[in-house]
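First up is the structure itself, then whatever we jot down about it.
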There are 2 protein chains.
Amino acid sequence: MAKKKSVEVDLSTEEKIKEAAKKVFLKKGYAATRTRDIAEEAGLNLALLNYYFRSKEKLFDLIMLEKLEKFFGVIAPILNNSTTSLDQKVTLFSNNYIDLIIANPELPLFILSEVRHNPERFAHKLPVVKVADSHFVRQLQEKRPDINPLHFLMNLLGMSVFPFIMKPIFHASGILSEKVFLTRMEERKALIPKWINAMLKAK
Amino acid sequence: MAKKKSVEVDLSTEEKIKEAAKKVFLKKGYAATRTRDIAEEAGLNLALLNYYFRSKEKLFDLIMLEKLEKFFGVIAPILNNSTTSLDQKVTLFSNNYIDLIIANPELPLFILSEVRHNPERFAHKLPVVKVADSHFVRQLQEKRPDINPLHFLMNLLGMSVFPFIMKPIFHASGILSEKVFLTRMEERKALIPKWINAMLKAK
DNA sequence: GTCTATAACCTGATAGAC
DNA sequence: GTCTATCAGGTTATAGAC
């Protein structure tokens, strides 16, 4: 039944390695990860990694593409839906996106730093164009032709994602517990639409 | 005269290594950087790195602390100034911070990912407390006691910093040139105060 | 202070037994 | 398919000549 993240015991060897790789790569990043870390995390031998995935690089690419899909996959459908209003898009986006990242907290910083360290490698896999020329952007242009839509896009994305990117800092400082942080993020789901709305009316 | 970033020729050997290390560490991150890269970038021999700085780790710590100082050093003074209004703080912050990051574009992502990968190591060097309990925060609480100040802090910081964090993505996609990006960021200096103001009045 | 040479170690990948 | 053993190459750090 539970096909996702059971106790990770009844998985095939190949899946065990992939799950372990996800965990370690997302935590440490590509460069700091050793194939031995992954094998150990999977409770398996190092040789099996190469048997199933040929190389560290190929295994990483596989996972990176999956994560890119996850990170961008939610955005485009919401912002390109031509049947929803601007308000609805903003609400849908902040809610879905915050939920996604609560479930995958390391996702944003992982993707952002790996893309930064290897831009040309993943360039063709970044479906940003679909966002930059979306129905959402056209609706923004209609409402506020005086302001470049990129600003609102950055704000919407940033207000949803940025707190998670800053979390390591606040956590390390010991001034914000995980529980309180999550409470704040839940609050944001309702606050972001209000804020965006207020910004759209400003001046 | 020009003591900062001259043609980097009249620098002492120690300074040459440090400048090269800054450049390489900020570009690649700690794990992906090899001491050979730094030596080569400095146009010097590898052994000199250890002669002057003992180890890769010690050299990195030195630079990391400097960068943390830079990243957080601007925030606290502005947010803790008890003679400025809330509006003034917001304007000062967005202006100074965006300028700082235009001059050091890799700074945010560098700090964020290195702290993430080694939280306990830099925990005691993160002066976030000064921000979380600042004059700015108290002013926010007065104006909007119904909303946790952390939200506005995240928004102000995020609206200034997040675009730079996303820049690699937009760049890699080829849909946003450096020149256009900078134009947008200059615009933001004036827009952020307006937006924050509108948010503070909302509902 | 600066270099070359090399030690000591680590890492990705494979050969070969089971 | 899975393991142990090991290779080949790279990496940090140091010894020692100049």
Side-chain angles (χ1 to χ4, degrees), chain A residues 6-67 110 113-114 117-118 120-122, chain B residues 6-67 110 113-114 117-118 120-122:
Chain A
S6 57
V7 202
E8 287 172 29
V9 157
D10 53 344
L11 295 173
S12 73
T13 301
E14 189 172 350
E15 287 168 325
K16 271 187 206 163
I17 296 172
K18 209 172 150 187
E19 287 304 312
K22 270 183 210 170
K23 193 171 170 184
V24 181
F25 277 139
L26 259 87
K27 189 182 168 196
K28 300 192 171 192
Y30 179 79
T33 295
R34 295 164 304 156
T35 51
R36 283 168 168 80
D37 299 334
I38 298 174
E40 195 185 352
E41 173 70 35
L44 292 166
N45 191 274
L46 170 62
L48 288 170
L49 193 150
N50 294 84
Y51 177 75
Y52 281 104
F53 299 96
R54 307 240 339 199
S55 73
K56 176 189 177 185
E57 212 175 345
K58 285 202 169 51
L59 176 55
F60 179 76
D61 275 7
L62 204 72
I63 286 161
M64 183 67 178
L65 293 183
E66 233 181 87
K67 295 299 171 184
F110 169 74
S113 44
E114 296 299 336
H117 290 129
N118 229 326
E120 62 290 342
R121 188 154 162 205
F122 304 108
Chain B
S6 57
V7 202
E8 285 169 31
V9 157
D10 51 343
L11 296 173
S12 72
T13 301
E14 189 172 350
E15 287 169 325
K16 271 187 206 162
I17 295 172
K18 210 172 149 186
E19 287 305 312
K22 272 185 209 169
K23 192 171 171 185
V24 181
F25 277 138
L26 259 86
K27 188 182 170 195
K28 299 192 172 193
Y30 178 78
T33 295
R34 295 164 304 157
T35 50
R36 281 169 169 78
D37 299 334
I38 298 173
E40 194 184 352
E41 174 69 35
L44 292 166
N45 190 274
L46 172 61
L48 288 170
L49 193 149
N50 295 84
Y51 176 77
Y52 281 104
F53 299 96
R54 305 237 343 192
S55 73
K56 175 188 176 183
E57 213 175 345
K58 285 202 168 50
L59 176 54
F60 178 77
D61 275 7
L62 204 72
I63 286 160
M64 182 69 178
L65 294 183
E66 232 181 88
K67 294 298 170 183
F110 170 75
S113 43
E114 296 299 337
H117 291 129
N118 230 327
E120 62 288 343
R121 188 153 162 207
F122 305 108

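For the pair A/L44 CG and D/dT2 C1', the interatomic distance rounds to 9 Å; values are reported in whole Å. D/dT14 atom P lies 14 Å from atom CG of B/N45, rounded to whole Å. As a whole-Å value, the separation of A/F53 CZ from C/dT14 C1' is 18 Å. Taking atom OH of B/Y51 as the reference point, atom C1' of D/dG16 lies 14 Å away to the nearest angstrom. Rounded to whole angstrom, the span from the CG atom of A/L49 across to the P atom of D/dG1 amounts to 15 Å. Taking atom NZ on A/K28 and atom C1' on C/dT11, their separation rounds to 13 Å, with Å as the unit. Distance, A/E15 CD to D/dG1 C1': 15 Å, rounded to whole Å. For the pair A/I17 CD1 and C/dA13 P, the interatomic distance rounds to 13 Å; values are reported in whole Å.
Ring orientation note: the planes of A/F25 and A/Y30 are close to parallel, at an angle under 30° on the 30°/60° scale.
Closest approach to the A/T13 side chain among D/dT2, D/dA13, D/dC3 is made by D/dT2 (side chain taken as heavy atoms from C-beta onward). Considering only side-chain atoms of A/A47, the nucleotide from D/dC3, D/dT14, C/dA13 that sits closest is D/dC3. Counting only heavy atoms from C-beta on, A/N50 has its side chain closest to C/dT14 among C/dT11, C/dT14, D/dC3.
Of the residues in residues 54-65 of chain A, A/R54, A/S55, A/K56 come within less than 4.0 Å of DNA chain C through at least one heavy atom, sorted by number.
Taking every heavy atom of both residues into account, B/A20 and B/I38 meet most closely at CB-O, 3.6 Å.
Within 4.0 Å of A/Y52, counting heavy atoms only, lie sugar-phosphate atoms of the nucleic acid but no base atom. Note on A/L46: a base of the nucleic acid sits closer than 4.0 angstrom, heavy atoms only.
In this structure, B/N45 CG and B/Y51 OH are separated by 13.5 Å, a value rounded to the nearest 0.5 Å.
Residues A/R34 and B/E14 both approach DNA chain C. Their nearest nucleotides, taken by heavy-atom distance, put B/E14 toward the 5′ side.
Contact check for B/R121 versus B/D61: side-chain heavy atoms found under the 4.5 Å cut-off. The side-chain heavy atoms of A/E40 and A/R34, taken from C-beta on, include no pair separated by under 4.5 Å. In this structure the side chain of B/L26 reaches within 4.5 angstrom of the side chain of B/K67, judged on heavy atoms. A 4.5 Å side-chain heavy-atom check between A/K27 and A/F110 finds every atom pair outside the cut-off.
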